[in-house]
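Order of the sequence lines sets the chain letters (A, B, ...), proteins ahead of strands, with each chain counted from 1.
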Amino acid sequence: MFRKYRKKSPWILHYNAGSCNGCDIEILAALAPKYDLERFGVINTGNPKQSDIFLVTGPVTFRSRERLVELYTQMPEPKVVIALGSCTCTGGVFRDMYNVEDGIDRYIPVDVYVPGCAASPELLIDGVVKALEILEEKTKAIEKPFRLFKEASSENGIINRRHSALKVGEKDEED
Amino acid sequence: MIEVMLILFAPLIGGLMYGFERVLRARMQNRKGPPLLQPFYDMYKLLDKQAFIINPYHTVLGIMHFLTLWTVVAFMIFGQNLLYIIFLHLLSVIFIILAGFSVNSVYSHVGANRELLSALAYEPILIIVAVGFFMMHGSFDISVIRQNSASIVPLFLLFLAFLLLIPLKLKKSPFDAAEAHQEIVGGVEIEFSGVYFEFIYIAKWLEYVFVYLLLVLFAGNNAVLGTVLFLGVFLLVNLVDNATARIKMKHVIQIVLGIALTLGLLNLAGLSYV
Amino acid sequence: MYATLILAPLLFALTVLISPLRLRNILSIVFVLFLSAVSIGMNLTLHTPVEASLHQLFHPLFILLDTLVLLYFLWQGVVKNSSLVMLLALLQIVLFGIVLSLSAALDSNDILIESTSTVMYLLINIVGGSIIVFALHYIESEAFGRFKKNAFIAILFFFLSVMNFIVSTNNIEIFFLLFELTTLCSYLLIAYRGEGVSVENSLRALWMNQLGGVAILAALIFSILHYDTVHFDILIANIEEVYLLPIVLLAIAAFVKGASIPFDKWLLGAMVAPTPVSAILHSATMVKIAPYLMLKLAPAMNGFVSLSITLLGTFVFFSAALLALGKDYFKEILGYSTIALLGLMMALAALGTPEAIRACLVLLIFHAISKGLLFLQAGILEKNFHLKYVNDINGLINHSPLVVFFITVGFASLTLPPFGAFIGKFMAIESIAAEIAGSPLYLFALIFLALGSVFLTLLYFKVLTKLFAKDMDAEAGNASPHSPTAYAEISKYYTFPSFLLLFLLVAGIYISFEKELLDSMEIIVPLLLIGLVPLLFATLLFKKAHRVKEYNCGEKEQIKLNMYYFHMPRRIKTYIALTATAALVILMAGVVL
Amino acid sequence: MSKKTIHIPLGSQHISLLEPVRFKFECENEKIVGVDSDVGFVHRGIERACTTKFKFDAIGYVVARVCGLCAITHSLSYTVAIEKLLGGEISKKAKYLRILLLELDRIHSHMLCLSHTCENAGFEAMFMRIMGDRELVMEIQELLTGNRIQFDYISIGGVNRDLDVQTAKKIIENLALVKAKVFSYIDEFTNNWSLSLKFKGIGALTLEDAYRFNAIGPLARACGLPIDVRNEIEYLPFDEVGFKMQTHNDGDINARNMVRLNEILNSLEMCENILRGLPEGEIFTKLKGKPKGEALMRFEAPRGELMYYVKGDGSAMLNRVRIKTPTFACIPAFSHIFMGEEYADAPAILASFDPCLSCTAK
Amino acid sequence: MKKIEVALKSVRDEIKSFYDYKKWHFLTLNGVALEDNRMQVQWIFSKYEALDEVVIYYAEIDYTERIPSLSDIIPSAIISQRELVDMFGVEVEGSEKGLYLDEDSMQTPLRSCLV
Amino acid sequence: MLTSFIKAFKNLFKKPQTIDYPATPIVQDKGHRGLIEYGEESCIYCLKCEKACPPGAILFVPVQDPSQNEKNKKGLAYNYNPYLCIYCGECVRACPKPDEALWQSNKKPQVAVKSDKVNAEWFVLEKLKKQEKTK
Ligand code: SF4
Ligand code: SF4
Ligand code: SF4
Ligand code: SF4
Ligand code: SF4
Ligand code: SF4
Ligand code: SF4
Ligand code: SF4
């Protein structure tokens, strides 16, 4: 019944999974007066629990993998994922580097790929508009990320490191 | 009958105000802004979301916050005892604060703490405002206040004190530290989602209705003055919102309690001499 | 009938002393019920005021008792090596001697039971009684001899008797005796364990209360000298605007008993003392003598005295609330909030308008019930969970929903509509607001009241929130040996009195209906909100919802949480005490001049 | 009495952060008494890829993606280092154009930083205002290079595009507009009461500490430490075009903002001078050969000194590319500044450092 | 650019006597992989307010050698030391691993034998 | 504070800065660096662009029925991935026949959806390429 209102009120969660900032700045620029994303009802909530669109930038570095998945699972359905920028879609210039994962779609299902390096606000708006179409079609069935990690364990040093990364899920067979 | 209708539609009126405010703010920032009905789109969308909860207490307390706030507004419309309403309002704030504390989330805690502190800043002032009305009209009953003529002139300092509260209550710059999106991501509301966030979201609209209903009390039975007050203050609050940064809770308390309390005291003291 | 209330507990105290455990428990419960019934009966049927005279024979007996008590204090002072106690005891003996040497002409009845007294009966017997029931079980878990345990219960009953008497008497001499007897009781109770802290605190309680005794004796002397009477009613009826000294001295005695700042130390000492029961008793019932006395004196106060006591009372309300914010120890928090509310009650009593007196009475009743309830829970926390500090009570709801429920209701009933204490506070604001037109100085009272009540609310909910917070320790599996990880069963002896008090609270709501203290809608709606709606939602909606973890910036690591704390520098404490003392001095000076 | 500290995390995902970095503040109430940080979220392995995956002539485009904000400084430093190894001189016009873009980039980056600091201080209107005005700069950058962010303007031997008359006119126009705006910001930053509560005296670093922690860029200049690579290198004619060192003495957020604002003004002036005195000549000189030997090149990025160390052995693949980025050098100073501040100020303080974790971790 | 070779043992003393923190700015610690499991460690300094004055202290070491920490002389060296530990897998006093690399990342990515 | 205050008020009566994209499309400057376009007929299959491209967004892989271009001796087909391309223009600079075989247009790329498999299909091509190289 309320399906058609979904696309009028997309709230955004932004996560930077290791990008060069280029696209992130463009997100800010898109929120700024010239492009004014709020015209579409977009609010940058910064809170996964109240967001509909997961705007990811960056090719997924090793350390950001589990955060990516964690944030994704904290978002209520229906949700869409936008991969913003070439490096998010496919790894871009970082493709094949040893500490990146060649695009976020190896971890979570991506609905919209926005190319560009950096993706301009114009393309970002295109992406959001596309995402809204998809959002309207979505069911509330739960979408799972492709891979998960074990609980992080913490140490008291300056840097807390993840000790073990356990990969599970369908993608593993391919590797 | 009209009253009942008003009560039922109070959230919608609040929603419209909120929507209008968003447009206004966008225009003040030189951008186009969302449609006027944006808050309602958000509302419908939230209804359609999958429901996540952290734990039942948290959610129930959130719902109770909303219900209590609605009751507060209802009592205001019915013209009940102002002092009672202020305490009932405190109750609603307490519910949301409890909700904030009932989850194991830092931002929620920090937000709830700040909410508590801001309650500390505005409750005494609200009580003093109520006493001001009492001294003017000899009664705490809103219906009586509404029947009498405008009291903004004798209560002018209190009115100014109340103006200070509005941004605090509606979480607007410079007193929006309790929500502080860039610091604590919305504070107490952070852990609500989906339908349950809806309650918090609409409660925000009700807060608008509550505050502005209090405001027009200063106009008494003068409807024109009431409208002018409402529009003027609405604009003023938004302009200030757009001209200031968020200040820290410490300063909020110092400023609000310091200035508003002094103003209120002066006014009451003046009244008692007259 | 009043005689029953006074004599029966006295006799029963003796019985308890020698009866075996089982019998003692059963008897005690039955007897508490009996006392409660009598007090309710009196409240409902008695046509106040009732006047009566005691037999001439009693007077020598009282004098003897007085002397004994004072000598006992002196002895304790010597034995415990406390010069302060000694000095004060000597002073009292001298003053008492002077009193005995004087004789008053105007005579009235020794017993005068007013409506306030019947209200106090209810409090003393029902709330005090429930505390005794609680104590029955509590004392069993201590490592003392049979006799000492029984003696404990006996003292409690003795205390009831004294309390019942004190609110029935009209004779200031007898009042002095009873006042000293309550002092004695609290001294014994606080010192009961005999450890270092206990003794220290008990001595402090002793000398501070002795100050009150001195004040009463002084009042007595002035009263006899100037008004030629030892009776409250005559004193009050004949009071002259220019000679209020006895009244003010009595008020000071009330401040002492009510542990108002600057006399707050002794009550807090009672909180820290290792016998929670005494804390409960002190805080829930004994200190109520203060507002009671104030109510009695109210008609005699003139503008200046009533204004300054109101200001002082509200100041105490405000500053005790502020001080409580900085505390971490659960009972201390409760203690401070008791001090605060007593200050308010006294302020209201001193205000003296019918409205204010009504507010004071309402507060008196419901504060006692709520605080009784809360203190019982504090006792349970200490006994069952070994928890003392609010910072440690994280997530108690998972361990004992019942205790959490009681604590919640206790706090809620102190602050929220539709409960009695809330109504009291509400009426307090109304009545003080009404006074401002007369004198703008009441403005300060109003501000203190407004700020204080917000502080208190802040305080209560600061504590409450802890109960609901998730228990991280339990989850992480590294629970300390003391914090129980599972649902804890709590003895019926503990919960029974709590239920009783809870029942009273609810009954209180009914009464506020009857007396139309608030609009009926104003009562029903919050009740519905608090009671029904959440249940509805909880049962209907949450089964379908998904459970997720809290947002933590995408990290999975657990985060350490704690309450805000409010650091109160010593300075503030000193300032507050100084201000209060200064106010008292000004009050005295004003009256003398 | 139990311990009273709270842990407040900031990141890795947080609305006030554009990049993943994690701070864990140990707070007493909201006062920060301890800081833990994790800056390794953006590590992609660029240094290694530069020696294994890319030939030396493609690396200019790769290192630009170390960071989107001072992409131009990265590719410039790298390119100049390679040019040094290859030998040969590039034309003066190309050098001027390089400075032009460098300074344009500084302007937009500083504006972004200022607006982000305002946003994190809860001043949304100011954020919108600066971001709105920043579009003027973005526009001319796009005209000049064909892209809004990653300019890819510099190649080994010169620059990729020439500057035509129309573009030059447009640039002058827009810069004049920007100049007026900057003055209005200076007014706002000095006179707005709420901003001064938020910025003055907050997040201060002393001159002594700036020296001790080797702080650089606006962070150091705001404490009065005159360090600016534009002052320390000969390669580009910064003096000719009117470079002036901007410093301030307070070391707090406000001082950093003021330094940035003054630098924008200075950069605007430099741009004007460049456009007025642009020499004639080729924009591209073909350089032959393969890099051999070691070279070290430093440039002043918007956030401070950026250093490239390049080592080649005469083949198309380099032996070592070492990138020392501005934020990386400032991290020890950052943690130091947070101590004793309130958590409420943390996002604004963080934004006022203008950190770039993407280059820190590479 | 001036290069000065030092022995690993004496590097602390050399730099301590050289480094005047009001005159010299510590740029960074750099590692360059050489042949045969060897590497060059460079401590790079530049002079404040001087034209192109860069001094590099360097030492050639085996991967197995333990590099002394300079963080007491130069507090900001901590982070570049940690980076060196991560990227070359060498040992620097008091610096732990894990600044950038996770357990399942490639270890020692900048050693030459991997190139 | 007052200046902001007044500015905000004045802005109320100004036309907002917002351009109403997508309702009014944005016209790109002709110098804008957009999609890379390829002219099959003019290509001489020197593969310079493939080698120059930093992320490897251009791949020439062997196919069954290659185009009729006589220079295409190995039977390769041009593949371009706009989702991998970083729009640097290096390929065009490398190409011996810029503007005919390879040029950078000012067209903006399209956004893709899940079914386009932008990443997965490219993995296949890359695998093919690797096989061919090792051969
Ligand atoms: S993919 Fe590109 S545009 Fe998207 S976040 Fe990463 S760097 Fe930014
Ligand atoms: S797509 Fe390009 S500009 Fe955007 S984040 Fe990735 S590398 Fe940076
Ligand atoms: S400081 Fe600047 S570069 Fe860094 S995240 Fe913020 S806006 Fe981006
Ligand atoms: S600090 Fe580094 S990553 Fe950040 S903008 Fe400068 S060069 Fe780029
Ligand atoms: S592969 Fe690793 S272990 Fe082997 S020589 Fe190289 S660095 Fe050492
Ligand atoms: S043009 Fe150059 S690259 Fe192309 S086939 Fe001829 S020689 Fe080879
Ligand atoms: S523009 Fe750059 S990234 Fe795109 S295909 Fe050409 S060389 Fe490759
Ligand atoms: S460089 Fe040009 S000619 Fe050569 S293969 Fe590529 S597109 Fe064809």
Side-chain angles (χ1 to χ4, degrees), chain A residues 20 22-23 30-40 59 80-97 101-106 108-131 133-134 137-138 143 171 174, chain F residues 7-8 11 14-29 32-36 52-59 79-91 104 106-127 129-130:
Chain A
C20 81
C23 294
L31 289 169
K34 185 170 177 193
Y35 295 95
D36 189 22
L37 263 184
E38 205 189 351
R39 280 179 295 146
F40 304 96
V80 289
V81 178
I82 302 183
L84 182 68
S86 291
C87 65
T88 324
C89 298
T90 58
V93 75
F94 311 119
R95 198 172 173 92
D96 258 356
M97 287 190 190
E101 291 271 6
D102 299 351
I104 61 169
D105 58 2
R106 313 191 79 192
I108 56 178
V110 176
D111 298 285
V112 180
Y113 297 85
V114 180
C117 184
S120 64
E122 182 189 0
L123 275 167
L124 171 57
I125 292 176
D126 286 344
V128 169
V129 170
K130 187 71 165 188
E133 282 166 28
I134 294 173
E137 301 305 315
K138 281 240 166 162
E143 286 186 86
K171 281 260 171 159
E174 293 172 26
Chain F
K7 198 173 176 71
N11 276 344
K14 270 197 211 143
K15 196 174 164 314
Q17 190 188 356
T18 311
I19 50 167
D20 201 5
Y21 181 80
T24 44
I26 296 172
V27 189
Q28 292 294 1
D29 178 63
H32 177 76
R33 301 209 311 267
L35 281 172
I36 300 295
C53 178
I58 295 179
L59 283 185
N79 286 284
Y80 167 64
N81 188 346
Y83 304 97
L84 184 52
C85 174
I86 57 170
Y87 303 91
C88 59
E90 191 63 7
C91 50
Q104 188 156 27
N106 67 353
K107 287 185 203 139
K108 65 171 187 187
Q110 292 299 307
V111 300
V113 294
K114 204 185 262 171
S115 57
D116 293 342
K117 292 198 180 133
V118 294
N119 209 2
E121 275 177 6
W122 201 254
F123 276 115
V124 178
L125 290 180
E126 278 178 337
K127 216 178 256 175
K129 185 79 196 174
K130 216 182 249 165

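Only the side chain of Ile134(A) has a heavy atom closer than 4.5 Å to any heavy atom of chain F. Using a 4.5 Å cut-off between heavy atoms, Lys34(A) contacts chain F through both its backbone and its side chain.
Taking both residues in full, the closest heavy atoms of Ser86(A) and Pro82(F) are given as OG-O, 4.1 Å, listed atom of the first, atom of the second, then distance. Smallest separation of non-hydrogen atoms from Leu84(F) and Gly91(A): CD1-C, 4.5 Å. Between Pro109(F) and Leu123(A), the shortest heavy-atom contact is O-CD2, 3.3 Å.
Counting heavy atoms from C-beta on, the side chains of Lys108(F) and Asp126(A) come closer than 4.5 Å.
Contacts with chain A were tallied for Pro55(F), Gly34(F), Cys53(F); Pro55(F) has the most, counting heavy-atom pairs under 4.5 Å. Ranked by heavy-atom pairs under 4.5 Å with chain A, the list Cys88(F), Cys85(F), Pro54(F) is led by Cys85(F). For the set Ala131(A), Cys117(A), Gly127(A), the count of heavy-atom pairs under 4.5 angstrom toward chain F peaks at Cys117(A). Heavy-atom pairs under 4.5 Å with chain A were tallied for Val113(F), Asn81(F), Leu35(F); the largest tally goes to Val113(F).
For the pair Thr90(A) (side chain) and Tyr83(F) (backbone), a donor-acceptor distance under 3.5 Å is present.
Of the inter-residue distances, the one linking Ser120(A) atom OG with Arg33(F) atom CZ reads 12.0 Å to the nearest 0.5 angstrom.
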